[in-house]
Every structure is written in C-alpha cells, then in structure tokens.
Amino acid sequence: MGCPLEWGQTRLGAGFFYSINYERLINKDFGLRVGAEYAPLQSTWSAFDDYAISCPILVNYVGLRSGSHALELGGGANVSYSAGKSLLAAEPGFEMYGLGVVGYRFQRTSEGFQFRIGVTTFLGKDVSHKLEDGNRNFLIWPHMSFGWSF
C-alpha cells in the first residue's frame with residue numbers, strides 16, 4: 001500500500017465540512033493522516049466575514065482486510081479555529097475535538113485509486129448532541145473521500 005493522498009473529502013467528515021488529507025502508512029496496518037480545511041462562515045451576524053480553519057490528525061488501523069477492501073478504524077483529534085460563531089463553536093476561538101472513525105476503505109496494494117466511506121464521531125464541548133451523562137457532547141457525521149495512492 002502506498003501513500004494515499006485524499007483530495008476533496010466531501011460532505012462532512014474529519015474536517016467538519018470537507019478536508020484535504022495526506023496519509024502515510026507507517027506499516028501495512030497503520031497510517032497517520034493529517035488534513036486541512038478552510039471554510040468561510042455565513043451567519044445572521046455576517047456575510048462570509050468570518051471563517052473556520054481545522055486540522056484533523058488521526059491514526060488509522062486498516063489491518064482487517066481482504067485484498068483491496070479494508071475495515072478502517074481510527075482515532076485522533078481535530079484542532080480548529082473559528083473567527084466567528086459556527087456549527088460547532090458557540091464562540092470564536094480555538095477548539096479541539098476528539099475524533100473516532102469507522103468505515104470501509106478500497107485501496108489497491110499498489111499505486112492507484114482509493115475510496116473511503118463511513119462515519120466520523122466528534123467528541124467535545126459545543127457539539128450539538130449530549131451524551132447521557134450530560135458532561136460531554138458528541139456528533140456523528142458521515143464521510144466519503146476519493147484519493148490516489150502513490
């Protein structure tokens with residue numbers, strides 16, 4: 001397996017709305033992924049004067065596989081800065097969210113096309129759904145990405 005470069009992770013996922021990611025497989029079972037997102041924010045307070053920047057950082061396990069098909073399990077954090085109120089931030093400033101990923105990955109053992117689909121869980125304050133204990137928050141979003149291994 002090569003180094004997947006995911007371009008255009010679409011509609012939600014580890015970068016909230018989208019992200020461009022680079023993942024380096026440390027060995028055949030584990031990968032380290034880092035991404036970036038910039039999103040202008042529109043709200044009743046402003047017309048795209050505010051923005052959000054996020055950086056998801058994850059460790060992924062892809063050791064449960066058959067050929068080019070794998071179960072992907074991952075965990076990490078998303079460090080974000082919001083210059084205004086956003087979907088996840090009640091106030092402007094820095095935030096950090098825990099991330100959990102479960103999904104399907106199609107990735108050839110040599111250079112080539114890569115596809116991922118699954119769910120990403122955000123854990124942290126100011127996320128819109130409360131856990132039962134009321135002390136922490138979570139949000140589950142679908143993710144999908146296309147990329148290239150080299």
What is the minimum heavy-atom distance between [X] and [Y], and which atoms define it?
| X | Y | value |
| --- | --- | --- |
| Asn27 | Asp29 | OD1-N, 2.7 Å |
| Val62 | Lys28 | CG2-O, 4.0 Å |
| Asn60 | Gly74 | OD1-CA, 3.4 Å |
| Ile140 | Thr121 | CG1-OG1, 3.7 Å |
| Ser149 | Gln107 | OG-NE2, 3.1 Å |
| Cys55 | Val34 | SG-CG2, 3.9 Å |

Return the [atom1] to [atom2] distance between [X] and [Y], rounded to the nearest 0.5 Å.
| X | Y | atom1 | atom2 | value |
| --- | --- | --- | --- | --- |
| Ile117 | His143 | CD1 | NE2 | 7.5 Å |
| Phe113 | Arg108 | CZ | CZ | 8.5 Å |
| Arg105 | Leu71 | CZ | CG | 10.5 Å |
| Asn78 | Glu37 | CG | CD | 7.5 Å |

If Ile, Leu, Val, Met, Phe, Trp and Tyr residues are connected whenever their side-chain heavy atoms lie under 4.5 Å apart, and connections chain through other members, are [X] and [Y] in the same group?
| X | Y | value |
| --- | --- | --- |
| Tyr61 | Val102 | yes |
| Met96 | Ile53 | no |
| Val79 | Leu58 | no |

Check: Ser80/Glu95 side-chain N/O donor and acceptor closer than 3.5 Å: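 No, because no side-chain N or O of Ser80 sits under 3.5 Å from a partner of the opposite role on Glu95.
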
Whether Phe122 and Trp141 hold their rings parallel, tilted or perpendicular, with breakpoints at 30° and 60°: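 Plane angle over 60°, so perpendicular.
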
Full working for side-chain contact (heavy atoms from CB on, under 4.5 Å) between Leu73 and Val101: CA-CA 6 Å; Leu73 303 172; Val101 173; over 6 Å; no

side-chain contact (heavy atoms from CB on, under 4.5 Å) involving Tyr81 - partner list, sequence neighbours excluded: Tyr51, Ala83, Phe94

Residues Arg116, Glu23: salt bridge by 4.0 Å N-O rule: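 Answer for the salt bridge query: no.
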
Student check: side-chain heavy atoms of Ser145 and Asn21 closer than 4.5 Å: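 The answer is no, as the side chains (C-beta and beyond) never meet within the 4.5 Å cut-off.
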
For Phe115, the option from Phe146, Trp148, Phe106 that meets ring pair (Phe, Tyr, Trp, His ring centres under 6.0 Å):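 Among the candidates, only Phe146 passes.
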
Listed partners of Tyr38 passing side-chain hydrogen bond (donor to acceptor under 3.5 Å, both in side chains), at least two apart: none

